[in-house]
K.L.:
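Just dropping this structure here.
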Amino acid sequence: MHIEASGMSLPFDNTYSRLPEHFFARQKPAPVPSPKLLKFNERLGEELSIPPDWSKSDELLDTLSGNHITNGSEPIAQAYAGHQFGHLVPQLGDGRAILLGEIIARNGKRYDIQLKGSGQTPFSRDGDGKSALGPVIREFILSEAMHALGVPSTRALAAIETGEVVWRQEGRVPGGVFTRVASSHIRVGTFQYFHARNDVEALRELVDYTIDRHYPDAADDENPYLGLLDHVVTAQARLIAQWMSIGFIHGVMNTDNTAVSGETIDFGPCAFMEGFYPKCVFSSIDRNGRYAWGNQGNIGFWNLARFAETLLPLIDEKEETAATKAESVLAKFPDRFGSEYSGHFKAKLALPDHAPDDIIKSSLELLAREETDFTLFFRRLTQFADGGPRSPLESLFKDSTVFKQWHSDWEKQADLPSGIQAMATANPIRIPRNHRVEQAIQAAYRQDYAPFHRLVDALENPYDESEEFSDIESLPQPHEVVEKTFCGT
Ligand code: AMP
Ligand code: MG
């Protein structure tokens with residue numbers, strides 16, 4: 001049963017729920033027995049221009065737990081399809097997520113406010129529509145960390161414990177609801193949903209909507225459909241190169257988890273790499289390494305080709321002409337991705353723009369040789385380049401001769417000291433290390449939320465030195481190492 005409406009409201013300005021009815025299902029969140037607010041992101045609330053009297057009232061917890069439909073909200077579950085590990089599933093959709101509505105933030109941009117884990121929808125199939133508390137905590141930590149690291153990402157507005165028990169692989173666990181903020185939830189899979197149904201009219205509406213919401217410039221292009229593709233190609237090239245530059249592995253780069261806005265979305269079994277090797281995978285469901293660290297560029301390209309396919313009927317009446325035109329835009333991906341990737345690594349290594357890429361390759365080969373910690377290496381290199389001691393850097397390598405050889409090659413090419421500023425902003429000190437995330441989750445399962453709060457605080461300024469959070473920088477002890485990550489949904 002839902003709590004009766006009060007006079008309060010959030011400043012919703014909904015557009016997706018005005019699209020044709022087959023774009024979504026109208027669905028109210030399921031009420032929960034005894035919700036408890038674990039965390040509300042006040043700063044994000046302010047950015048979203050959520051009225052303080054609303055966020056300080058009972059409405060906050062009631063609304064974000066799903067127990068109350070606040071005025072102005074038009075809850076819907078969005079329809080989408082997707083290629084999961086290379087196989088097309090023509091119907092996925094929000095099976096455990098409900099979009100409450102959209103808000104115009106202080107920056108003038110439009111954002112979705114979505115609940116994750118708030119009960120079944122027509123897209124739930126056999127799922128319970130709920131979320132365990134673990135994945136809620138994980139997504140809160142990871143998505144806010146990505147944002148602080150400067151990577152486009154969906155955001156975390158709130159984490160709630162529902163007072164309900166859910167059944168997962170590990171047994172009975174406390175349930176949670178996560179409030180996600182995204183510049184939209186339009187996925188490559190959203191286009192695939194209509195493409196799979198040969199619904200060209202819906203595709204046209206979705207394209208118009210997407211251009212209007214994300215890439216208004218494309219409307220002026222000679223062929224707006226190609227214009228949209230071009231923008232999405234750029235956004236994905238930028239995003240994936242940035243992920244790789246900080247050692248991030250998304251883990252499930254299915255087309256339903258690829259947002260056309262270019263934001264990182266769906267933090268399932270994602271992880272930050274520690275010991276470097278290009279084939280690094282953490283996700284328990286990625287058995288063949290499809291989504292390994294070093295394969296993310298290829299997969300991004302593959303996903304974009306699936307996106308382009310959905311646009312073909314709109315690009316040109318003649319299938320062959322449409323395909324040729326789309327291919328010419330898609331073909332820009334490798335160069336765009338390559339130059340973004342090289343730009344990030346040049347900053348990380350203080351290399352001038354004109355430097356050849358060889359030293360980037362040899363740096364990564366050096367790390368791969370001994371599976372050196374990716375984050376510590378770049379950070380200690382930054383400290384050393386800035387006049388700090390050599391030994392913390394050198395001690396990362398068992399074979400110091402190889403390191404010394406690499407170092408003298410690097411020094412000849414690095415643009416020092418002027419490149420230090422770039423290094424300092426490209427090489428984070430603190431990342432959400434897997435063992436810390438796991439510890440925060442396990443503590444929360446024991447109703448100790450302090451490690452979760454502390455980790456979120458520590459990751460707010462990931463490039464700044466901090467005595468207080470020095471333990472967050474360090475590697476796991478052997479017994480703390482996390483080998484595998486799980487979706488946990
Ligand atoms: P994900 O692995 O989070 O990208 O989800 C893939 C699909 O499974 C999406 O359609 C989700 O909505 C659906 N799904 C995941 N977990 C659940 C759940 N607990 N109940 C219902 N549907 C779910
Ligand atoms: Mg997903």
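In each ligand, atom 1 is the first atom listed, and ligand 1 is the first ligand listed. Given the structure is predicted, the values throughout are model-derived calculations rather than measurements.
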K.L.:
Ser124 heavy atoms, cut-off 4.0 Å: which ligand 1 atoms fall inside?
P.N.:
21 (C), 22 (N)
K.L.:
Relative to atom 9 (C) of ligand 1, which among Gly93, Gly189, Gly127, Gly95 owns the nearest non-hydrogen atom?
P.N.:
Gly93
K.L.:
Can you tell me which portion of Leu92 lies within the under-4.0 Å heavy-atom range of ligand 1? Options are side chain, backbone, both, or neither.
P.N.:
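Both backbone and side chain.
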K.L.:
May I ask you to check if ligand 1 and Asp94 share an N or O to N or O distance below 3.5 Å?
P.N.:
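No, Asp94 has no N/O under 3.5 Å of an N/O on ligand 1.
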K.L.:
Which one holds for Arg125 and ligand 1: side chain close, backbone close, both close, or neither close, with close meaning a heavy atom under 4.0 Å?
P.N.:
side chain
K.L.:
In Asp266, which N, O or S atom comes closest to the Mg ion (ligand 2)?
P.N.:
OD2
K.L.:
At a threshold of 2.8 Å, where the distance has to be below it, does the Mg ion (ligand 2) have an N, O or S atom of Asn257 nearby?
P.N.:
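Yes, since at least one N, O or S atom of Asn257 sits under 2.8 Å from the Mg ion (ligand 2).
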K.L.:
Considering both backbone and side-chain atoms of Phe123, is one of its nitrogen or oxygen atoms within less than 3.5 Å of a nitrogen or oxygen in ligand 1?
P.N.:
no
K.L.:
Tell me whether the Mg ion (ligand 2) has Asp256 as a neighbour, meaning an N, O or S atom of it below 2.8 Å.
P.N.:
no
K.L.:
What heavy-atom pair brings Phe333 and Leu304 nearest, and what distance separates the two atoms?
P.N.:
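Between these two residues, the closest heavy atoms are CD1-CD1, 3.3 Å.
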K.L.:
Which of the numbered atoms in ligand 1 are below 4.0 angstrom from a heavy atom of Gln84?
P.N.:
6 (C)
K.L.:
Under 4.0 Å from a heavy atom of Gly129: which atoms of ligand 1 are those, numbered in the order shown and with their elements?
P.N.:
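Once the distances to Gly129 are compared, the set is 18 (C), 19 (N), 20 (N), 21 (C).
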K.L.:
Closest heavy-atom contact between Leu92 and Phe123?
P.N.:
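That would be O-CB, 3.2 Å.
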K.L.:
Check Gly297 against Phe337 and note the closest heavy-atom contact, atom names and distance.
P.N.:
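For Gly297 versus Phe337, the nearest heavy atoms are CA-CZ, 3.8 Å.
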K.L.:
Quick one: which of Asn303, Ile265, Val260 gives a side-chain contact (heavy atoms from CB on, under 4.5 Å) with Arg187?
P.N.:
Ile265
K.L.:
Compute both the distance and the angle, then confirm whether Arg26 meets the cation-pi test with Phe24: under 6.0 Å from the six-membered ring centre, within 45 degrees of the axis.
P.N.:
no
K.L.:
Any idea which part of Arg168 is under 4.0 Å from ligand 1, heavy-atom wise: side chain, backbone, both or neither?
P.N.:
side chain
K.L.:
So which heavy atom on Gly150 is nearest to which on Gln242, and how close?
P.N.:
O-NE2, 2.8 Å
K.L.:
Is it the side chain (CB and beyond), the backbone, both or neither of Asn257 that lies under 4.0 Å from ligand 1, heavy atoms counted?
P.N.:
side chain
K.L.:
What atoms of ligand 1 come within less than 4.0 Å of a heavy atom belonging to Asp266?
P.N.:
4 (O)
K.L.:
Begin with the C-alpha distance, continue with both residues' side-chain angles, and end with the deciding distance and a verdict on side chain to side chain donor-acceptor pair (under 3.5 Å) for Gln27 and Thr121.
P.N.:
CA-CA 6 Å; Gln27 177 68 53; Thr121 78; 5.8 Å; no
K.L.:
Does the pair Arg18/Glu102 count as a salt bridge with the N-to-O cut at 4.0 Å?
P.N.:
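So Arg18 does not pair with Glu102 through a salt bridge.
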K.L.:
Does Trp243 have Arg238 sitting over its ring (NZ/CZ under 6.0 Å from centre, angle to axis within 45°)?
P.N.:
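Relative to the ring axis of Trp243, which defines the angle, Arg238 lies outside at least one limit.
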